[in-house]
Amino acid sequence: MNIAIQRTAYGQLLAKSQPKPILNEEDYDLALAELGSLMSQEELTLEEETLLSLWGLLIEEYESKYYPIPEATPQDVLLHLMEVRELKQADLVGVIGSKGVVSEVVNGKRAISKAQANALGEFFNVNPSVFI
């Protein structure tokens, strides 16, 4: 079944919401408010879902330019997963090596090897490439 956007209804939403490129913080705040308003609704029409996607793309473009997320290092990923699971270094002994090896890896004094990345991937149930 092919469902098409109702052009008149979508045009009315566009006229009311007036999405445009986000150029400054004021535009950004307005865009977030529009997005929040749409997201707070129980059910969205196809036209509203389309508008939601459009606002999301505009916000994503602005955030990637002005609020870039720095790339996480393998150590950052490991520390984050340990924090989320409330693990201590001792919990990784035997998974990636001895107490000394674990300490060096966790403290960034030793890089994570491919074998350790595979073991960590299996242990945390994530793709091992996040540790390389």
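What you are looking at is a predicted structure, and each value in this text was computed from that prediction instead of being measured.
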Distance, nearest 0.5 Å, that separates CD1 of I96 from CG of L120: 5.0 Å

Inter-residue atom distance E34.CD - L58.CG, 0.5 Å rounding: 11.0 Å

Separation of H80 NE2 from L78 CG (nearest 0.5 Å): 11.0 Å

R7 atom CZ: more than 12 heavy-atom contacts under 6.0 Å: no

Under 3.5 Å: donor-acceptor pair, side chain of N24, backbone of E26: yes

E122 atom CD: more than 12 heavy-atom contacts under 6.0 Å: no

Mutual orientation of the aromatic rings belonging to Y67 and Y28 [parallel < 30°, tilted 30-60°, perpendicular > 60°]: tilted

Residues in side-chain hydrogen bond (donor to acceptor under 3.5 Å, both in side chains) contact with D27, at least two apart in sequence or another chain: K20

Flag if over 12 foreign heavy atoms under 6.0 Å of CD, E61: no

From CE (M39) to CG (L44), nearest 0.5 Å: 9.5 Å

Residue E25 excluded, over 12 heavy atoms near CD under 6.0 Å: yes

side-chain contact (heavy atoms from CB on, under 4.5 Å) between L13 and E48, intermediate numbers included: CA-CA 7 Å; L13 282 173; E48 290 169 330; 3.7 Å; yes

Those residues that, when tested against D76, pass side-chain hydrogen bond (donor to acceptor under 3.5 Å, both in side chains) (two or more places apart): T73

Return all side-chain donor-acceptor pairs below 3.5 angstrom for residues 123-132, not counting sequence neighbours, or 'none' if the list is empty.
unit_1	atom_1	unit_2	atom_2	d
N127	OD1	S129	N	2.9
N127	OD1	S129	OG	3.0

